[in-house]
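To keep things clear, I will list the structure first and then write my remarks on it.
Sequential numbering from 1 along the given sequence is applied to the chain's residues. These numbers were taken from a predicted model, which means no experiment stands behind them.
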Amino acid sequence: HQRIEIAQVLFDCHEHLSAEQLLVRVNARFAQSSKATIYNTLKLLVEHGMVRELFVERDKVVYDPNMTPHHHFYDVDSGKLTDIPAEGVEIRGLPPLPQGVLSAGVDVIVRIRSAA
């Protein structure tokens, strides 16, 4: 039941949430989930390709329920992530891959801040 609640909150909000933000939103409803349950459920969702795990800073990870190809703007002042359509980004000149591996994708995070 708790995993369903966690997934429902994550997929209904269409936002990039951290595990802590997700915990607050899940527990604001009627479920009382633990931090361990949140992390275990997120791990399963990532492993099954249902959400993307984004490392936006060294100590900040968010989860993205949008699985269509896209990239992100990350506002370092507010911490907000905004989707960039994949068609709006062109990547050229990637280095050759090591022998025996295939590319699993490229994620672009453009860090922005206020010019003021």
Would a hydrophobic clustering, with Ile, Leu, Val, Met, Phe, Trp and Tyr connected at side-chain separations under 4.5 Å, put Val110 with Val106? yes
For a side chain to side chain contact (heavy atoms under 4.5 Å, CB included) check, start with the C-alpha distance between Leu97 and Leu102, then their side-chain angles and the critical distance, and finish with the verdict. CA-CA 7 Å; Leu97 298 175; Leu102 299 173; 5.5 Å; no
So which of Leu42, Leu17, Leu22, Leu45 actually passes side chain to side chain contact (heavy atoms under 4.5 Å, CB included) with Tyr63? Leu42
Taking C-beta and beyond as the side chain, do Arg52 and Val46 meet within less than 4.5 Å on heavy atoms? no
Step through the shown structure and confirm whether more than 12 heavy atoms of other residues, nucleotides or ligands are within 6.0 Å of CZ on Phe73. no
Under 3.5 Å, side chain of Lys60 to main-chain N/O of Gly79, donor-acceptor pair present? yes
Separation between NE2 (His1) and OG1 (Thr37), nearest 0.5 Å, reads 11.5 Å
As an exercise, state the distance from OG of Ser33 to CZ of Arg3, rounded to the nearest 0.5 Å. 10.5 Å
Correct closest heavy-atom pair for Ile109 and Phe55 would be CD1-O, 4.0 Å
Consider side chain to side chain donor-acceptor pair (under 3.5 Å). Of Arg25, Gln32, Arg29, which one does Glu5 pass it with? Arg29
Hey, are the side chains of Thr41 and Lys43 touching, using non-hydrogen atoms and a 4.5 Å cut-off? no
Under 4.5 Å between side-chain heavy atoms, counting indirect links through other Ile/Leu/Val/Met/Phe/Trp/Tyr residues: same cluster for Val26 and Leu44 or not? no
Minimal non-hydrogen separation, Asp77 against Asp75, with atom names: N-OD1, 2.8 Å
Can you see which heavy atom on Pro69 is nearest to which on Ala86, and at what distance? O-CB, 3.4 Å
Using a cut-off of 6.0 Å, state whether more than 12 heavy atoms not belonging to Leu94 lie near its atom CG. yes
Any side-chain heavy-atom pair from Ile6 and Ile4 closer than 4.5 angstrom? no
Checking side-chain polar atoms at under 3.5 Å, does Asp64 have a donor or acceptor matched by the opposite partner on His70? yes
So, do Ser18 and Val61 sit near enough that their side-chain heavy atoms are less than 4.5 Å apart? no
Mind checking the CD1-NZ spacing from Ile112 to Lys80? Nearest 0.5 Å is all I need. 9.5 Å
In terms of hydrophobic clusters joined by side-chain contacts under 4.5 Å, are Leu54 and Val76 together? yes
Interatomic spacing from OG1 in Thr68 to CG in Asn66 - rounded to 0.5 Å: 3.5 Å
Out of curiosity, His71 NE2 to Asp107 CG, how far, rounded to the nearest 0.5 Å? 7.5 Å
Could you state the interatomic distance from NE2 (His72) to NE2 (His16), rounded to the nearest 0.5 Å? 3.0 Å
So Tyr74 and Thr82, do their side chains get closer than 4.5 Å, heavy atoms only? no
Got Val56 and Leu81 here, is their nearest side-chain heavy-atom distance under 4.5 Å? yes
